[in-house]
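Have a look at the structure below before the remarks.
None of these values were measured; they are calculated from a predicted model. Numbering of ligands and ligand atoms starts at 1, following listing order.
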Amino acid sequence: MIIANTISQVRDQVRQWRREGLTVGLVPTMGYLHEGHGSLVGKAAEDCDRVVASVFVNPTQFAPGEDLASYPRDFERDCEILEKQGCSMVFHPSVDEMYPDGNGKTDTYIEILNDMPKQLCGRTRPNHFRGVCTVVGKLFNIVLPDKAYFGEKDAQQLAIIRRMVRDLSYGIEIVGCPIVREPDGLAKSSRNIHLKPDERKAAVALYRSLKIAEEMASDGEKSSKAVTDAVRAEIEKEPLAEVEYVSAVDSLSMEPVETVGKGTLIAIAVRIGQTRLIDNCVL
Ligand code: PAF
């Protein structure tokens, strides 16, 4: 596996692959990889001749006071996982390589101006998706992949990236991959490492609450209020859990819905101690 730290190294290598007629898949990550990322790389390796994964903790998607500094990092371990899953090249740039103005700042952003980035996580993280779109757009411009792979756990991010790709005519196929869970149902996340043992047990409440939403919907419940109230009540049984939001939205537009049905996304964000977790299911 090639380790590239500069944009020009990536461009030169991808150009070479293109000359050989090979297809290229991109898996953008912030590192500290787990089986969820592994499944994205595995899928990309199945679909494409060459896979580029980026490992970059992107400062423009963190607000001051968020966990940019404490975001977990272990590049050596990341490389082992990537290589095992069939990654051909890992792009691991410095902050200055990606943001040449220094200090992770930029004057040019990609921003979706409708309400999609304002819903769900956007309520407490107002500039988060502007930072995500900007870095993902830059990665698309650097790698010029045929396909790019994102996890369905970040359902709002996935919907926003699909919209960005459509609106800016990127011509890249966006592939969403299913949530990978621990045996007890907790969605795999790089941030799970921060959970203390009692918090780790409490975190299963997120999955339990989503199962209730699925059961209610399959029993014919149509009221989004009834479903989201039941989800919230289940999480709130857990004293260590503090609900940030429980929402029922359209899975493409992220617009809140009054009636749940096929294609409704039930999305939740919960703080367990210092750790913010998100999870979701599509009914
Ligand atoms: O989902 C993530 O890990 C990040 O938001 C992404 C897509 C790699 C952009 O920094």
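Cluster membership check: Val57 does not share its hydrophobic cluster with Val90, using side-chain heavy-atom separations under 4.5 Å among Ile, Leu, Val, Met, Phe, Trp and Tyr.
Both tests do not hold together for Arg181 against Tyr207: distance to the six-membered ring centre under 6.0 Å, angle to the ring axis within 45°.
Residues satisfying the ring pair (Phe, Tyr, Trp, His ring centres under 6.0 Å) test with Phe75, not counting sequence neighbours, are His92.
Atom 3 (O) of ligand 1 has its closest protein heavy atom at Met30 CG, 3.6 Å. Among all protein heavy atoms, the one lying closest to atom 2 (C) of ligand 1 is Gln157 NE2, 3.9 Å.
Taking the side chain as every heavy atom from C-beta outward, Asp279 and Leu186 never approach each other to under 4.5 Å.
Heavy-atom contacts of Thr29 reach the following atoms of ligand 1: 8 (C) (cutoff under 4.0 Å). Against a heavy-atom cut-off of under 4.0 Å, Pro28 is close to the following atoms of ligand 1: 8 (C). Short contacts between ligand 1 and Val135, defined as distances under 4.0 Å to a heavy atom of the residue, involve ligand atoms 9 (C), 10 (O).
Geometrically, ligand 1 and Gln61 share a nitrogen or oxygen pair separated by less than 3.5 Å.
Checked by atom type and distance alone, the side chain of Arg77 pairs as donor or acceptor with a backbone atom of Leu33 at under 3.5 Å.
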